[in-house]
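First up is the structure itself, then whatever we jot down about it.
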2 protein chains.
Amino acid sequence: MPIPKLAASPAVLGRDELVDSLARISFVTMGVLTRVAAEHELSLTQLRVLAILRDRQMSMGDLAAYLGLDRSTISGLVGRAEERGLLRRAPNPLDGRGTYVTLTQDGVEQCAHGANEVAESLAPMTNALTPAETRRLTTLLEHMLNPR
Amino acid sequence: MPIPKLAASPAVLGRDELVDSLARISFVTMGVLTRVAAEHELSLTQLRVLAILRDRQMSMGDLAAYLGLDRSTISGLVGRAEERGLLRRAPNPLDGRGTYVTLTQDGVEQCAHGANEVAESLAPMTNALTPAETRRLTTLLEHMLNPR
DNA sequence: TATTGTTATACTCTATAACTATA
DNA sequence: TATAGTTATAGAGTATAACAATA
């Protein structure tokens, strides 16, 4: 499945070409994430919710801020996931208004399976690199993700 | 806005860490694309449709295959974009069943503006790299996108 | 008064199924 | 019969507005 270019054809490899490559690789990656999620009957956003909760507990409001979504949207997402037994809500004992969301055991397992499937689905792409290239690419991506 | 990890903490930079970095950079990039699209009152999918049509003409069915969506979904997307004057439908003179979709002048301009805004929004990230790093990263990403 | 969360409402995206028109 | 596209329908994601409960 070819990915559309956002920029013109590359004469030199400058910032525009990087943005173009980033956009294309992102569509591929998000496509894989969306497909894996769908195979677990999850939306991409629900997958993100589960991934976020994998190593922490969060309030509804924190989840909303984290994902850049309205709290009312989180209510729906969490409600549907809770009905399916992937996570549960618990009251915040320190604040009667607050609610904490945590993964259930089933949710934890689905996360683990999903992560494996994502890695396998991306393997045709990631295997195109040598171990040295893999390290270099990861370092460069992390450099962008954590600019200083 | 921090991005959730899908993999465990990195001891070495192997394939799992690359997948994790890819997922996180993709969420950032897609977030930017979604926000820029929203500022033009477009969905991410509509932005993709416009980007695809930027340098080619396509039938409804081709668009569906390209985006991995059902043709009925494309009918709705194209219909709404057509109402807004961003693209137009024209019959295929060689096949009475076929329909070609092309950008209008307005659609072309929105695409150009959008591409600039995306590049600007990603600048805080892409500017973290030196020109040499930018070239290396782009080359590595393209290597993955076009495996041999 | 301000904050946390939910509910009601409306719109878009999406797929499935049924349909029309053309090949 | 098969293919291109549309329409009707239904479910999920999303935001806005109004609301209840708590601080």
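Labels below follow one simple rule: chain letters A, B, ... track the order of the sequence lines, proteins then strands, and each chain is numbered from 1.
A donor-acceptor contact closer than 3.5 angstrom links the side chains of B:Glu142 and A:Ser21. A donor and an acceptor atom, one from each side chain of B:Gln46 and B:His40, are nowhere located under 3.5 Å apart. In summary, the side chains of B:Arg35 and B:Ser121 do present a donor paired with an acceptor at a separation below 3.5 Å, with no hydrogens or angles considered. Using modelled atom types, one finds a donor on one side chain and an acceptor on the other under 3.5 Å when comparing A:Ser72 with A:Asp70.
For A:Arg135 and B:Glu17, the salt-bridge test fails: no basic side-chain N is under 4.0 Å from an acidic carboxylate O. The pair B:Arg88-B:Glu82 does not meet the salt-bridge criterion, since no charged nitrogen lies less than 4.0 angstrom from a carboxylate oxygen.
Nearest to the side-chain atoms of A:Asp95 among the listed nucleotides C:dG5, C:dT14, D:dA23 stands D:dA23. Candidate nucleotides D:dA23, D:dT14, C:dA23 were compared by shortest atom distance to the side chain of A:Arg97, and D:dA23 ranks first. Of the candidates C:dA15, D:dT3, C:dT4, C:dA15 carries the atom nearest the B:Asp70 side chain, counting heavy atoms from C-beta on. The side chain of B:Thr73 has C:dA15 as its nearest neighbour among C:dA15, D:dA15, C:dC13. With distances taken from any side-chain atom of A:Met60 to the nucleotides C:dT6, D:dA23, C:dA23, the minimum falls on C:dT6.
Judged by closest nucleotide on DNA chain D, B:Gly98 is the one of B:Gly98 and A:Leu77 placed further toward the 5' end. Mapped onto DNA chain D by nearest heavy atom, A:Arg80 and A:Leu94 fall at different nucleotides, with A:Arg80 at the one closer to the 5' end.
The interatomic distance linking B:Leu69 (CG) with D:dT6 (C1') rounds to 16 Å, in whole Å. Rounding to whole angstrom units, CD of residue A:Glu83 and C1' of D:dG11 are separated by 13 Å. If you take CG of A:Leu47 and C1' of D:dA12, they are 15 Å apart, rounded to a whole angstrom. One interatomic measurement links the two molecules: CG of B:Leu44 to C1' of C:dT14, which rounds to 14 Å at whole-angstrom precision. Spacing between atom CD of A:Glu82 and atom P of C:dG5 amounts to 13 Å, rounded to whole angstrom units. Look at CZ on B:Arg35: it is 17 Å from C1' on D:dA15, rounded to the nearest Å. In this structure, A:Arg71 atom CZ and C:dA8 atom C1' are separated by 16 Å, rounded to whole Å. Straight-line distance from the CG atom of B:Leu63 to the P atom of D:dG5: 9 Å, rounded to whole Å.
Between B:Ser43 and C:dC13 there is a side-chain polar atom (N or O) within less than 4.0 angstrom of OP1 or OP2. Under 4.0 angstrom from either OP1 or OP2 of D:dG13 there lies at least one side-chain N or O belonging to A:Gln46. Contact annotation: A:Arg89 side-chain N/O to C:dT6 OP1/OP2 distance is under 4.0 Å.
Side-chain to base pairing of B:Ser72 with C:dT16: one donor and one acceptor N or O lie within less than 3.5 Å of each other.
Residue A:Ile74 is out of contact with every strand shown, counting any heavy-atom pair closer than 4.0 Å. Backbone-only engagement by B:Thr99 is indicated by non-hydrogen atom pairs under 4.0 Å involving sugar-phosphate atoms exclusively.
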